[in-house]
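Start at 1 and go down the list; that is how both ligands and their atoms are numbered. Note: hydrogens, waters and symmetry copies are ignored here, and every other heavy atom, side chains too, is used.
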Amino acid sequence: MSKFIFVTGGVVSGLGKGITAASLGRLLKARGLKVSAQKLDPYMNVDPGTMSPYQHGEVFVTEDGAETDLDLGHYERFIDENLNKFSNLTSGKIYYEVLTKERSGGYLGQTVQVIPHITNVIKDFIYNSAKNTDVLITEIGGTTGDIEIQPFLETIRQISLEVGRDNCVFIHLTLVPYIKSSGEHKSKPTQHSVKELQAMGISPDIIVARADEELSADIMAKISLFCNVKKDCVIENITLPSLYEAPLMLHKNGLDKVVCRTLKLETVAPDLTEWKEMVDHIYNSSKDVNIAIVGKYVKLHDAYLSVAESLRHAGYMLGAKVSISWIDSEEVTAKNISAMLSGVDGIVVPGGFGDRGIEGKILTCKYARENDIPLLGICLGMQVAVVEFARNVLGLADANSAEFSETTQNPVIHIMQEQKTITDKGGTMRLGSYLCSIKDGTLLKELYGKDEIAERHRHRYEFNNDYREQMISNGLVISGVSPDKTLVEVIEIPTLSYYIAVQFHPEFKSRPNKPHPLFSGLIQASIQK
Ligand code: GLN
């Protein structure tokens with residue numbers, strides 16, 4: 001039977017619960033266990049796919065096409081296991097399921113209630129995700145005390161009763177604030193937060209104490225005594241220069257050891273050699289490289305989390321410290337573009353929706369093409385590169401994507417055939433992993449070294465095949481297509497040092513110790529600039 005680890009958060013949000021859960025996953029995997037991770041989110045959207053990135057940060061897409069919380073990206077990057085549609089559950093999804101069943105008569109004669117009907121659906125979801133794993137890590141979104149998370153807490157309490165306390169561990173992550181005027185850390189918020197949990201019938205076994213500076217033995221002992229956890233089960237988690245150091249710090253502070261002891265898991269010591277080598281690379285870079293991300297959600301860096309991480313991963317391998325210039329595409333004009341991109345070694349035009357900031361992205365592609373600045377276009381980034389090529393190389397002045405202009409005579413990007421009749425917005429795009437065939441003799445082939453790849457998608461629009469021949473005869477190379485050759489997946493301009501744009505999202509598959517070839521290629525070309 002699988003063992004269950006539940007991670008809750010207290011005091012404030014944004015403490016890095018996801019990083020802590022992901023780090024623990026890495027440590028347990030390094031001990032030879034088969035680990036999976038999932039996140040339960042208390043909001044009422046069925047998934048984050050319909051939310052603005054400003055509300056929720058990036059939407060992370062899994063292989064099987066689920067649109068999920070960005071913490072799943074941390075899980076995949078740290079644990080290096082592909083997650084799936086069982087890896088993210090929202091309150092909205094649960095209520096949707098229960099109410100649909102109620103309407104179809106699935107509960108005839110019964111009063112449908114939060115307990116047991118809602119909690120039973122959550123329970124089934126958790127048990128299902130635990131199949132074929134040694135350990136399932138379940139992170140509960142939100143903060144203890146939130147009204148919305150109560151059904152989740154009630155469910156995990158019931159699970160602990162059902163599976164037994166040897167098979168279940170509760171980890172609570174809290175903030176231990178430092179009060180400057182008195183020069184000390186304070187344990188009181190942690191005590192209050194643990195009390196809230198205890199009122200729900202949950203006694204944490206382990207407390208992970210988040211602080212910016214080292215915690216004294218006194219404060220750790222106080223937390224242990226007042227929160228009723230063993231002394232070595234108070235684990236210090238201090239702010240680090242790189243998040244990838246977190247697994248090493250948490251291991252040093254004994255987290256995986258006390259988790260395995262509590263769960264009575266006999267394992268080998270974790271092999272962290274490869275991870276340590278990767279972290280060494282982070283701190284031993286010999287070059288600097290500056291990459292611009294030109295997008296419309298740049299004020300919230302989390303909106304491009306996986307893209308930014310992928311750039312850094314590539315830097316680790318190539319010995320380069322990647323700094324990112326966040327450029328708001330709405331502010332880019334023909335006049336200011338050279339000033340805005342001065343000192344930039346390479347550019348990413350990332351994905352997005354809607355017409356705000358589009359012209360700035362098109363100008364960016366033009367600038368990169370005319371000045372031979374390495375560029376990687378992703379999803380919408382590929383579509384604007386195609387529009388730019390059509391306007392300025394083919395001379396089709398009004399070329400556009402049908403997403404942004406209904407009246408253009410040259411819709412070089414148009415809505416995909418199967419999308420034409422879809423009216424629902426949630427979960428209806430072309431989502432998840434699709435195969436792509438690579439043309440010989442191209443940059444794409446050189447980067448991947450393979451004839452066929454699989455990458456994750458999230459879009460409704462595509463390259464319009466009516467323009468294929470005209471684009472090719474003017475120097476654009478279509479280097480990746482769907483196996484049936486109907487969909488253009490990758491374009492490149494071979495006369496430039498690195499100009500490549502992809503309809504998919506490579507950022508979801510980059511790992512800190514296994515950078516993605518498209519990002520490594522961009523960083524390499526940018527270093528050489
Ligand atoms: N808005 C574009 C489409 O739907 C691109 C989507 C994206 O960048 N993820 O096709």
Side-chain angles (χ1 to χ4, degrees), residues 47-63 65-68 70 73 293-298 300 302-308 310 329-330 347-362 364-365 375-388 390 399-406 408 411-434 436 455-465 467 480 482 486-491 500-510 516 518:
D47 61 44
T50 52
M51 272 188 245
S52 153
Y54 275 140
Q55 293 277 317
H56 200 260
E58 105 184 338
V59 172
F60 187 83
V61 181
T62 57
E63 284 288 294
E67 296 177 278
T68 71
L70 54 72
I293 295 183
V294 184
K296 74 168 174 182
Y297 314 110
V298 289
L300 181 74
D302 270 359
Y304 303 110
L305 183 64
S306 293
V307 173
S310 302
S329 59
E330 279 189 276
I347 299 168
V348 175
V349 181
F353 296 84
D355 61 357
R356 250 185 334 106
I358 286 301
E359 292 303 320
K361 290 185 183 177
I362 294 173
T364 303
C365 293
L375 176 135
L376 171 62
I378 296 175
C379 205
L380 179 64
M382 173 194 131
Q383 299 175 354
V384 292
V386 169
V387 170
E388 190 280 317
N400 214 331
S401 162
E403 184 179 1
F404 315 126
S405 165
E406 283 172 5
T408 175
V412 290
I413 302 294
H414 65 173
I415 193 146
M416 303 180 77
Q417 188 57 34
E418 66 266 30
Q419 289 287 330
K420 286 184 179 158
T421 51
I422 295 174
T423 50
D424 275 0
K425 293 285 181 229
T428 54
M429 282 185 258
R430 182 184 186 215
L431 287 166
S433 185
Y434 285 88
C436 166
E455 292 283 1
R456 299 182 197 174
H457 292 250
R458 182 174 184 248
H459 59 109
R460 288 185 209 285
Y461 292 82
E462 60 163 325
F463 185 106
N464 183 346
N465 287 328
Y467 294 87
S482 56
T486 58
L487 301 174
V488 171
E489 305 283 30
V490 187
I491 57 147
I500 187 161
V502 296
Q503 185 58 78
F504 46 78
H505 289 271
E507 70 270 27
F508 298 138
K509 287 175 79 162
S510 173
H516 191 286
L518 282 162

query = Counting distance only, does the side-chain N/O of Asn465 pair as donor-acceptor with the main-chain N or O of Thr486 below 3.5 Å?
reply = yes
query = Applying a strict 4.0 Å limit to heavy atoms, is Gln383 in contact with ligand 1?
reply = yes
inquiry  = Suppose we measure from atom 7 (C) of ligand 1 to each protein heavy atom; which comes out shortest, and what is that distance?
reply    = Cys379 SG, 3.0 Å
Shortest protein contact, atom 9 (N) of ligand 1 (heavy atom only) = Arg458 O, 2.8 Å
Protein contact to atom 10 (O) of ligand 1 [nearest heavy atom, distance to 0.1 Å] = Tyr461 N, 2.8 Å
query = Does one side chain, of His505 or Arg456, offer a donor that lies under 3.5 Å from an acceptor on the other?
reply = no
key: For atom 5 (C) of ligand 1, the option (of Gly352, Ala402, Gly381) bearing the nearest heavy atom   = Gly352
query = Can you list the atoms of ligand 1 that are under 4.0 Å from a heavy atom of Gly351?
reply = 8 (O)
request  = Check the angle between the aromatic planes of Tyr434 and His457 and answer parallel, tilted or perpendicular using the 30° and 60° thresholds.
outcome  = perpendicular
task = Identify the protein heavy atom lying closest to atom 2 (C) of ligand 1, giving its residue, its atom name and the separation to 0.1 Å.
result = Glu403 OE1, 3.3 Å
message = When you compare the side chains of Thr428 and Arg460, does any donor N or O come within less than 3.5 Å of an acceptor on the partner?
response = yes
task = For the pair Arg430 and Glu462, find out whether any cationic side-chain nitrogen is under 4.0 Å from an anionic carboxylate oxygen.
result = no
Close N or O approach (Leu380, ligand 1; < 3.5 Å) = yes
query = Does any N or O atom in Gln503 lie less than 3.5 angstrom from one in ligand 1, N or O only?
reply = no
query = Do Ser482 and Glu489 meet the criterion of a side-chain donor-acceptor pair at a distance under 3.5 Å?
reply = no
inquiry  = So if I count the atoms of ligand 1 from 1 in the order they appear, which ones are less than 4.0 Å from some heavy atom of His459?
reply    = 3 (C), 4 (O), 6 (C), 10 (O)
query = Is there a donor-acceptor pair closer than 3.5 Å between any side-chain N or O of Asn464 and the backbone N or O of His414?
reply = no
key: Option nearest atom 3 (C) of ligand 1 (shortest heavy-atom distance, choices Arg430, His505, Glu462, Arg460)   = Arg460
